[in-house]
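Everything below concerns the one structure shown next.
Naming: A, B, ... by sequence-line order, numbering from 1 per chain.
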Amino acid sequence: MSESRIHHPLIELTISRVKETIREPEAMFWVFVFPVLLALALGIAFRERPPDKIPIAVDRRMKDADRVAKMISKSAQLKALIVGPADLNQYLRVGKVALVISRSPEAVPLKSGKAENFPGGTGPEFFLIYDAARSESQLARLAVNDALQSGNGRMDVIALQDRLVKEPGSRYIDFLIPGLIAMNLMGSGMWGVGFGIVFARTRKLLKRLAASPMRRSHYLLAYMLSRLIFLVGEVAGLIGFAWLVFGVKVHGSLIELAILSVMGSMTFAGLGLLVAARATTIETVSGWMNFIMLPMYLLSGSFFPYSRFPTFLQPFIRALPLTALTDTMRAIINQGTPLFHNWLELLVMIAWGTISFSVALKIFRWQ
Amino acid sequence: MTDSAQKISAGGTNFQPVLKCLAVKKYYGAVKAVDGVDLEVLKGECFGLLGPNGAGKTTLVEMLEGLTKPDRGRVEVLGYQWGSGDDRAFRERISVQLQETQLADKLTVAETIRLFRSFYHRGHSVDEVIAKTGLGEKRTERVMKLSGGTKQKLALACALVSDPELLFLDEPTTGLDPQARNHIWEIVEEFKSRQGTILLTTHYMEEAARLCDRVAIMDRGKILALDRPASLVEKWVGKEVIEFSAEEAVDGESLKKLPGVKDAEQRNGLFILKAYRADQALPALIAEMEKKRIKLTRLTSRPATLEDVFMTLTGGKLKNE
């Protein structure tokens with residue numbers, strides 16, 4: 001084995017960093033394989049399919065139970081189960097059915113509230129027993145009404161027709177993939193940089209390096225540069241996988257997606273550097289990492305839109321770097337928006353990245 | 001004594017000091033880690049810093065290496081004071097091996113040396129250093145798989161790859177087996193033979209005696225003695241150490257008056273005679289014991305070593321008080 005030319009220290013440091021990472025099979029799994037598995041699992045769990053029919057219980061004691069069940073089953077939204085009196089209560093309570101149709105108002109004993117009494121004259125044909133607090137039951141109530149009325153001869157007054165639209169990028173998997181990419185950039189950026197540095201510090205390797213003429217900024221830059229190399233695999237891997245398996249398309253520019261990924265990665269590498277700047281044990285740095293990342297995992301809308309959080313939280317959520325990256329990622333991948341439309345988000349990321357990097361450099365502990 | 005001792009140089013061909021400490025102090029709260037140290041290390045010299053754990057050796061060395069700032073006093077390395085604007089240029093000319101450093105586990109021997117080589121403008125090639133340190137068979141082995149001895153060799157290789165003028169070695173052989181220790185010594189001796197200057201800290205008196213031209217014995221932040229190993233032995237212990245135990249109490253003062261005896265002490269029930277001349281002291285001791293009808297249960301005589309100096313200065317007497 002002959003010796004090849006020795007490169008600039010920044011390049012040698014980066015190559016060493018890359019080699020160290022590649023030779024850590026567990027790290028490789030979490031960075032490259034785990035996000036794909038997660039995408040696969042969530043993609044399958046939330047895949048598109050026609051909405052389930054709502055189950056309705058028909059009281060078996062009714063003589064015309066079969067006829068009523070048939071009427072109900074004609075509805076596109078409902079399916080009927082003929083249920084004996086002993087099970088009605090149980091089925092309704094555990095949500096096995098959304099509504100019970102009976103001629104007896106007492107088919108299901110009421111725990112609270114009162115059935116409406118019809119004094120004298122003709123009582124109702126059927127009793128519909130359900131819990132109004134359940135939205136599924138509310139839906140069922142409307143559909144059951146329609147089914148029973150038209151089954152008994154009601155004619156529609158005007159004609160209606162459904163036309164179902166399919167927006168590109170509107171499926172859950174389309175929403176999920178950009179969120180996963182952003183989340184992965186955060187995790188691998190912060191862990192990759194922070195953990196590596198603290199590990200080197202606990203092993204006194206930082207001190208040894210500080211005693212050499214190595215430029216200290218080169219060491220830190222090498223961490224950031226090595227992140228860029230892995231970034232290609234991380235992002236391209238998930239995008240390619242999502243496209244092949246779920247048909248998720250990138251509607252915007254791939255170059256802008258690349259630029260955004262680099263920006264996101266650098267932002268989180270900077271944060272990772274800051275977290276690792278002074279920690280002297282792996283436990284400390286893990287604690288801080290979790291402290292910083294957990295709120296973002298929860299709030300930044302990786303898995304569901306953050307608009308569901310209360311209004312007063314929104315400005316705070318939007319100031320988080322993961323929110324900025326996720327939103328911009330979605331804009332490019334799902335909507336095809338040009339990168340600079342999200343200039344505010346880009347500014348948020350740049351601010352987090354540069355501030356944390358420069359503070360980290362100032363307070364960095366080499367021994 | 002230090003004044004006269006500092007003027008003694010051994011092995012060096014040049015009297016120019018490569019390392020200089022003047023009244024250097026470093027306190028950590030109430031702990032006086034280094035409490036007023038003066039020393040000079042000359043070009044081509046191997047200077048040993050001996051002392052028990054916690055004596056302040058590592059703190060002193062780290063101040064010399066420019067990793068720690070002294071609270072007081074002046075440190076000069078190759079005529080340069082750390083922090084005065086040109087640190088990197090001087091780091092090019094020195095190398096350090098820190099005792100506790102663990103190099104990156106996942107890199108191979110050659111990759112690690114290569115990385116360190118990239119930090120320096122000049123130096124040896126990776127292959128040269130690998131050959132010099134006998135790491136040829138291990139060059140593609142990952143660091144995590146190396147034995148303790150081989151790891152130390154690698155640490156030394158990383159320090160030597162820049163062909164430094166001045167080498168700091170912090171306990172380079174601690175915890176190694178005798179064979180590995182011997183390998184390290186050979187590497188250090190090779191460096192020394194090319195006029196390299198070394199500052200070495202060690203627990204092992206044997207190591208200091210073999211490698212060092214001069215040694216300083218340090219305890220509680222101060223230098224207790226500084227001289228060539230042989231002169232230290234002569235000055236503090238003499239030439240021979242006679243150890244015996246007796247069935248009855250022996251008067252220490254009478255032992256000190258025996259001919260050829262420099263000093264006497266009792267340690268852990270054992271009497272220790274530090275003698276200039278065993279041929280005088282031994283017969284005198286036996287005659288004295290016979291006269292007093294005290295039976296000797298054990299009697300040995302051996303050449304005095306640095307270990308005895310060390311015990312005299314830091315261990316034995318301090319503990320007996």
Who are the ring pair (Phe, Tyr, Trp, His ring centres under 6.0 Å) partners of A:Phe34, not counting sequence neighbours?
A:Trp30
Any donor-acceptor N/O pair, B:Asp105 side chain to B:Val143 backbone, under 3.5 Å
no
Taking the side chain as everything from C-beta on, heavy atoms only, tell me whether A:Lys19 gets closer than 4.5 Å to B:Leu107.
yes
Only counting residues at least two apart or in another chain, list the ones meeting side-chain contact (heavy atoms from CB on, under 4.5 Å) with B:Thr58.
B:Glu62, B:Asp170
Please flag which part of A:His218 lies under 4.5 Å from any non-hydrogen atom of chain B: side chain, backbone, both or neither.
neither
Heavy atoms only, distances under 4.5 angstrom: which of B:Glu65, B:Gln102, B:Glu92, B:Gln97 has the most pairs with chain A? Name it, please.
B:Gln102
What do you reckon, is CZ of A:Arg365 surrounded by more than 12 foreign heavy atoms closer than 6.0 Å?
yes
Side chain / backbone / both / neither for B:Arg142 at chain A, heavy atoms under 4.5 Å
side chain
Please flag which part of B:Phe168 lies under 4.5 Å from any non-hydrogen atom of chain A: side chain, backbone, both or neither.
neither
Side chain, backbone, both or neither: which part of B:Ala89 has a non-hydrogen atom closer than 4.5 Å to chain A?
neither
